[in-house]
Amino acid sequence: MLYSVGHSCFHYHTVSDVSQTLLSKATYKRKTPAILAFTSKTWEELGTLNQLATNGYQALALDLPDAALKFLDRMASELGLPVVKVEVCPGRVVAIMTWMGTNPGLKSILLNSHTDVVPVYKEHWKYDPFAAFKDADGNIYARGTQDMKCVTIQYIEAIRRLKAKGQTFARTTHLMFVPDEEVGGHKGMEMFINHPEFKNLNVGFALDEGLANPGEAFTVFYGERNPWWLTVRCPGSPGHGSRFVENTAAEKLRSVINSFLDFREKEKHRLNTSECFTLGDVTTVNMTMLNGGVAYNVIPAEMDVSFDMRIPPAVNLQEFEEQIKRWCREAGEDVTYEFAQKHMNQTVTSTDESDPWWHAFSCTCKSLNMTLKKEIFPAATDSRFIRAVGLPAIGFSPMNHTPILLHDHNEYLNEQVFLRGIQVYEKLVPALASIPPQPGEE
Ligand SMILES: CSCC[C@H](NC=O)C(=O)O
Ligand SMILES: [Zn+2]
Ligand SMILES: [Zn+2]
């Protein structure tokens, strides 16, 4: 499932990925790619891929997004499961395979995975990142081995084994495959979660992706930090580069950068000095883009800086924004900020043993001698949309003894770890799908 765009040999898996890179090419250079890439304007401005091709961008293999859906169709027919497909946005299809329970009135189990992956820097890979090469140690190298093709296939193979054994369960299990996660889920899960077809699924509990754990334990995620992406605009007085002009954009910019990065240092220190903190427990701030200036000797009328911030659920978001406002005020006159992403939902999923879903999940893992580490997910997954509508969701990718390599060069997963993961779902699905009716159900 690749888009190959001529001129460069990157591989893309969503239209947004294509547009995001094209935006950084000449015509759109003056604008901020990451911000534009999340507005509907982007794609309309760019036109269709055919138009791009006539403008010198050769777009190849455009039918390839269908390849994932064709693959899923084949899996569904092998499993003997019906598939429903919903085009949530033009060209963005959510596919759902449904294994009906014997008591379909009960809330269902959702096994979610995303079909897109992030691009690669091919030259930094030991093997072709789209060939799934397995080395002598059984390590399978490919983009998506950890994020999250492994989980998709583990779900499918677990269901295949359970069905082959002739098992049935009271609750229905849905396998859902969504596009767009890697670029924010706005044209995937965020759209679908409010779609009548989603409500029809009658979901009671969801599993979605997590992260590898380099040690013996398995990490499970019961909440996520909220992503805030913002650009701070620093206007100032222009003038000749040889003079001491008052009220310059750069002086304000310096103050803004210092405030944000001083805070970054404090949070880093908090993380490094506390035994019990993980990345999900502190706020990260990274300066990711810097814009401004037209010539060496022209003091610019504006300079802008962008930050990627990730805020734990326990932080008071109103107070946090007040702090940002203060930093802007302190930087000087007319310093403003605007959000490209501002997630505000701080719902976390219960991991109390009295919660029937968590109880079934954790007891099953215990029975498999798995140690679980409960954490807040440091980045953002589609689970945040599931939790935002009030449904419990656990982020879990059964990979222990595995370095965290998602989005990295040479992403790999060992076949033994992968195969064990199938066994894990082979136990988890029956446990979850057999939870007896709860008060208020039926
Ligand atoms: C703000 S939406 C961004 C979603 C993205 N998810 C996966 O990497 C992330 O950067 O966490
Ligand atoms: Zn992912
Ligand atoms: Zn990812």
Side-chain angles (χ1 to χ4, degrees), residues 1 11-14 16-17 20 32-39 42 68 111-121 129 142-155 176-191 193 206-212 219-221 223-231 279-280 283-289 306-313 317 338-346 375-388 393-399 402-409 411-413 421:
M1 181 177 155
H11 297 273
Y12 300 93
H13 290 251
T14 69
S16 304
D17 291 335
Q20 195 154 4
T32 311
I35 294 173
L36 275 179
F38 285 95
T39 70
T42 307
L111 305 178
N112 187 61
S113 60
H114 62 80
T115 53
D116 56 334
V117 297
V118 291
V120 297
Y121 294 92
R143 174 55 86 224
T145 45
Q146 293 194 14
D147 180 15
M148 61 175 296
K149 305 295 173 203
C150 52
V151 176
T152 303
I153 303 299
Q154 284 161 341
Y155 293 156
M176 191 158 120
F177 309 90
V178 297
D180 211 52
E181 191 278 339
E182 294 293 4
V183 287
H186 310 297
K187 293 180 181 174
M189 186 64 97
E190 188 174 22
M191 282 275 176
I193 203 86
L207 289 179
D208 198 348
E209 67 187 311
L211 293 176
T219 323
V220 290
F221 299 94
E224 296 191 354
R225 298 192 298 178
N226 269 313
W228 281 16
W229 291 352
L230 83 165
T231 295
L279 190 56
T283 301
T284 50
V285 178
N286 280 292
M287 183 174 127
T288 48
M289 290 186 287
S306 304
F307 298 96
D308 180 338
M309 316 184 79
R310 308 290 173 129
I311 314 164
L317 295 176
E338 102 189 33
F339 284 103
Q341 297 276 339
K342 188 187 188 192
H343 291 262
M344 300 292 287
N345 197 292
Q346 298 184 303
E375 291 187 16
I376 295 294
F377 197 82
T381 73
D382 283 335
S383 287
R384 72 191 188 282
F385 302 118
I386 303 174
R387 293 192 189 108
I394 291 292
F396 174 59
S397 300
M399 298 182 280
T402 304
I404 299 175
L405 290 171
L406 78 169
H407 297 203
D408 205 342
H409 308 320
E411 178 182 359
Y412 74 81
L413 180 60

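Only this structure's heavy atoms are used, side chains among them; waters, hydrogens and symmetry mates stay out. Just so you know, ligand 1 is whichever comes first in the structure, and atom 1 is the first atom listed for that ligand.
Between the side chains of Ser397 and Gln146, not a single donor N or O lies within less than 3.5 Å of an accepting N or O. Using modelled atom types and a 3.5 Å distance limit, the side chains of Asp147 and His114 yield a donor-acceptor pair.
The Zn ion (ligand 2) has Glu209 among its coordinating residues (N/O/S atom, backbone or side chain, under 2.8 Å). In summary, Glu182 places no N/O/S atom under 2.8 Å from the Zn ion (ligand 2), failing the contact criterion.
Contacts between Pro227 and ligand 1 below 4.0 angstrom, taking non-hydrogen atoms only, involve the side chain exclusively.
Ring-plane geometry between His343 and His186 is classed as parallel, the angle between the planes falling under 30 degrees on a 0 to 90 degree scale with a further cut at 60.
Rounded to 10 degrees, the NE2-metal-OD2 angle spanning His407 and Asp147 at the Zn ion (ligand 3) equals 100°.
Set against the non-hydrogen atoms of Gly184, the atoms of ligand 1 under 4.0 Å away are 2 (S). Applying the 4.0 Å criterion to heavy atoms of Gln341 picks out, from ligand 1, the atoms 1 (C).
Judged by the shortest distance from any of its heavy atoms, Arg384 lies inside the 4.0 Å radius around the atoms of ligand 1.
With atom 9 (C) of ligand 1 as the reference point, the heavy atom nearest to it among Glu182, His186, Arg310 is part of Arg310.
For the side chain to side chain contact (heavy atoms under 4.5 Å, CB included) with Glu181, the qualifying choice from Met189, Met148, Glu209 is Glu209, the only one to do so.
Asn345 contributes atom CG, which lies 9.5 Å from atom CG of Leu317 (distance to the nearest 0.5 angstrom).
Glu190 contributes no side-chain N or O that, together with a main-chain N or O of Gly185, makes up a donor-acceptor pair within less than 3.5 Å.
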